[in-house]
Novice: 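Sending over a structure as structure tokens; questions will come in a sec.
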Amino acid sequence: FPVEDIRNFSIIAHVDHGKSTLADRLLELTGTIDKTQKNKQVLDKLQVERERGITVKAQTASLFYSFGGKQYLLNLIDTPGHVDFSYEVSRSLSACQGVLLVVDANEGIQAQTVANFFLAFEAQLSVIPVINKIDLKNADPERVGKQIEKVFDIPSEECIKISAKLGTNVDSVLQAVIERIPPPKVHRANPLKALVFDSTFDQYRGVVASIALFDGMLSKGDKIVSAHTKKTYEVNQVGILNPNEQPTHKLYAGQVGFLIAGMKDVTEAQIGDTLYLHNHPVEPLPGFKSAKPMVFAGVYPIDQSEYNNLKSAIEKLTLNDSSVTVHRDSSLALGAGWRLGFLGLLHMEVFNQRLEQEYNASVILTTPTVPYKAVLSSAKLIKEYKEKEITIINPAQFPDKSKVTEYLEPVVLGTVITPTEYTGKIMELCQARRAIQKNMTFIDENRVMLKYLFPLNEIVVDFYDSLKSLSSGYASFDYEDAGYQTADLIKMDILLNGNIVEELVTVVHREKAYTVGKSICERLKDSLPRQLFEIAVQAAIGSKVIARETVKAYRKNVLAKCYGGDITRKMKLLKRQAEGKKKLRKIGNIEIPKNAFIKVLKTQ
Ligand code: GTP
């Protein structure tokens with residue numbers, strides 16, 4: 001394929017606006033998949049994606065399309081739509097020259113439509129607006145066209161109105177891809193320069209990398225070098241994704257495809273790496289901004305004997321999703337484990353689900369926290385910590401006030417788009433979350449876009465759910481990183497009859513200490529078995545107790561249920577009670593079963 005007959009593009013959209021459905025239609029229309037095949041959403045390959053109906057990993061497909069008497073090669077790179085995965089979106093975009101921006105004709109522009117548009121705009125890509133779902137009864141494509149003109153400054157006449165579900169007008173989308181998106185700017189005569197934009201691990205073949213060729217060409221048998229590791233490999237196989245792997249003899253600059261080159265170690269195919277031919281080094285491509293984890297949580301095997309299995313599962317999954325950061329960690333209650341950093345909450349849940357489904361691992365996931373910072377107060381401390389500012393991802397390492405000049409917390413710039421009738425309630429919610437309003441724009445008569453600066457920890461757990469429930473599901477939300485701000489943070493201890501429970505130490509904002517402390521005490525009270533004596537469950541800041549619950553004394557008489565009679569049943573019950581006690585941890589003279597910790601530590 002001559003370069004001028006190649007188009008590399010991506011589809012971006014708010015969740016559920018119809019990206020995957022449109023991708024399926026494009027695949028059918030180009031004969032890539034059979035229409036009669038009942039494989040809906042072929043590109044969503046992961047089980048978690050099929051179950052949740054969302055795209056998590058970007059997938060790629062090469063389409064062949066004849067137009068104006070010429071055959072074109074259209075490389076479609078599917079991208080996830082959710083806020084947590086904007087990292088994947090920007091990665092996919094770096095291999096493209098244009099995007100289809102899909103907007104639902106009924107819902108109109110939503111928070112992620114805005115976020116995704118700006119990712120494409122900043123990457124200087126051609127944007128083709130596509131208004132989807134025009135078959136819906138309440139569809140109002142004219143209104144959505146005006147919103148697009150107002151918010152993105154794209155003339156409404158440029159919008160293509162389609163129904164991806166019914167296939168209406170989908171062929172004009174392909175024509176627009178050819179006419180409005182430029183071919184890639186590449187040099188085939190130059191030596192190879194290829195970008196690794198994705199990689200997966202296959203048990204039998206090792207690493208399978210998705211690559212985009214910027215210069216030169218690549219054949220089976222070539223010797224290539226990774227600019228990142230400087231390791232040399234021999235190419236075993238190259239090919240295109242159709243959407244399944246289809247081996248070819250060569251790949252040429254401008255093409256997107258896959259590569260297998262005997263990379264066995266999970267760290268060998270770094271996403272963002274540049275590959276070049278042995279003896280022909282090139283200036284590496286700028287690579288990707290490394291993803292910054294925003295949410296941290298402890299991950300532990302339910303049973304310590306599962307530690308090694310879980311370790312290898314985490315290693316393999318992080319190759320596939322390099323935005324997860326991994327630190328080893330351990331907890332007195334939960335044993336050896338890890339502290340993982342995620343881009344957001346959905347990202348964390350999806351990772352957990354993938355561990356379970358793809359690697360059969362069952363894990364305990366602790367309540368997420370955000371990375372706080374502390375600015376150290378003396379030269380001596382700076383020398384000791386080797387840094388002026390330390391990042392605290394584990395509350396147990398929170399430095400005392402006497403050591404710091406100030407604490408900092410991460411903040412994000414949040415965008416909420418909502419029908420105007422919910423504006424008041426949403427503003428109240430944002431205020432309760434310590435957010436500061438930055439901006440308010442009407443995108444049409446009955447829709448408003450609000451911008452707020454939020455402390456990240458205020459939105460990390462349940463903000464999105466609250467927003468959805470008070471707007472009957474109509475408000476959408478997205479956020480971007482906005483640095484750090486000074487924060488009045490304190491360390492809160494949880495005590496059982498006066499003894500600190502180390503696993504439950506929490507860092508909170510002073511304003512929220514009571515609410516958070518009370519909630520932990522209540523949960524702990526509910527999950528602690530009664531004992532022979534009364535237990536005081538307290539939350540304290542330093543020596544000051546701010547919340548208290550009491551577990552009443554009780555003699556658990558397991559035999560009471562037996563109504564005399566059957567002696568073997570009595571024996572069994574006594575045995576079971578003894579076994580249950582084995583896994584206890586003692587704090588003072590109080591015995592805490594592992595389950596009680598799990599109930600308090602894990603995400604609600
Ligand atoms: P994510 O991958 O999660 O970001 O979602 P998506 O944007 O890929 O959306 P998807 O294609 O999964 O479509 C979401 C829902 O909208 C599905 O139930 C589709 O059947 C439906 N849908 C997509 N296109 C149309 C359309 O043109 N008309 C109608 N009525 N429904 C559509």
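Side-chain atoms are counted along with the backbone in the values below, which use heavy atoms only and exclude waters and symmetry mates. Remember, it's 1-based here, ligands and their atoms both numbered in the order they're listed.
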Novice: What part of Leu136 sits under 4.0 Å from ligand 1 if we count only heavy atoms: the side chain, the backbone, both or neither?
Specialist: side chain

Novice: If you measure from each non-hydrogen atom of Thr21 to ligand 1, which part falls under 4.0 Å: side chain, backbone, both or neither?
Specialist: both

Novice: For Ala13, which part has a heavy atom under 4.0 Å from ligand 1: side chain, backbone, both, or neither?
Specialist: neither

Novice: Any atoms of ligand 1 less than 4.0 Å from a non-hydrogen atom of Val15? List them with their elements.
Specialist: 3 (O), 4 (O)

Novice: Could you tell me, atom by atom, which parts of ligand 1 come under 4.0 Å of a heavy atom of Gly18?
Specialist: 6 (P), 7 (O), 9 (O), 10 (P), 11 (O), 13 (O), 23 (C)

Novice: Pick one of side chain, backbone, both or neither for how His17 approaches ligand 1, counting any non-hydrogen atom pair under 4.0 Å.
Specialist: backbone

Novice: Between Thr30 and Arg25, is there a side-chain donor-acceptor contact under 3.5 Å, judged purely by atom types and distance?
Specialist: no

Novice: What pairs with Phe1 under ring pair (Phe, Tyr, Trp, His ring centres under 6.0 Å), at least two apart in sequence or on another chain?
Specialist: Phe64

Novice: Closer than 3.5 angstrom, by distance alone: can the side chain of His17 be matched with the main-chain N or O of Asp104 as a donor-acceptor pair?
Specialist: yes

Novice: Determine, considering heavy atoms only, which of Gly167, Ala105, Ala139, Ala164 sits nearest to atom 27 (O) of ligand 1.
Specialist: Ala164

Novice: Check whether Arg447 reaches the backbone of Phe442 with its side chain - one donor and one acceptor, N or O, closer than 3.5 Å.
Specialist: no

Novice: Just jot down the salt bridge (Lys or Arg N to Asp or Glu O under 4.0 Å) partners of Glu149, sequence neighbours excluded, or say none.
Specialist: none

Novice: Can you see whether Thr415 engages Lys451 through a side-chain donor-acceptor pair at a distance of less than 3.5 angstrom?
Specialist: yes

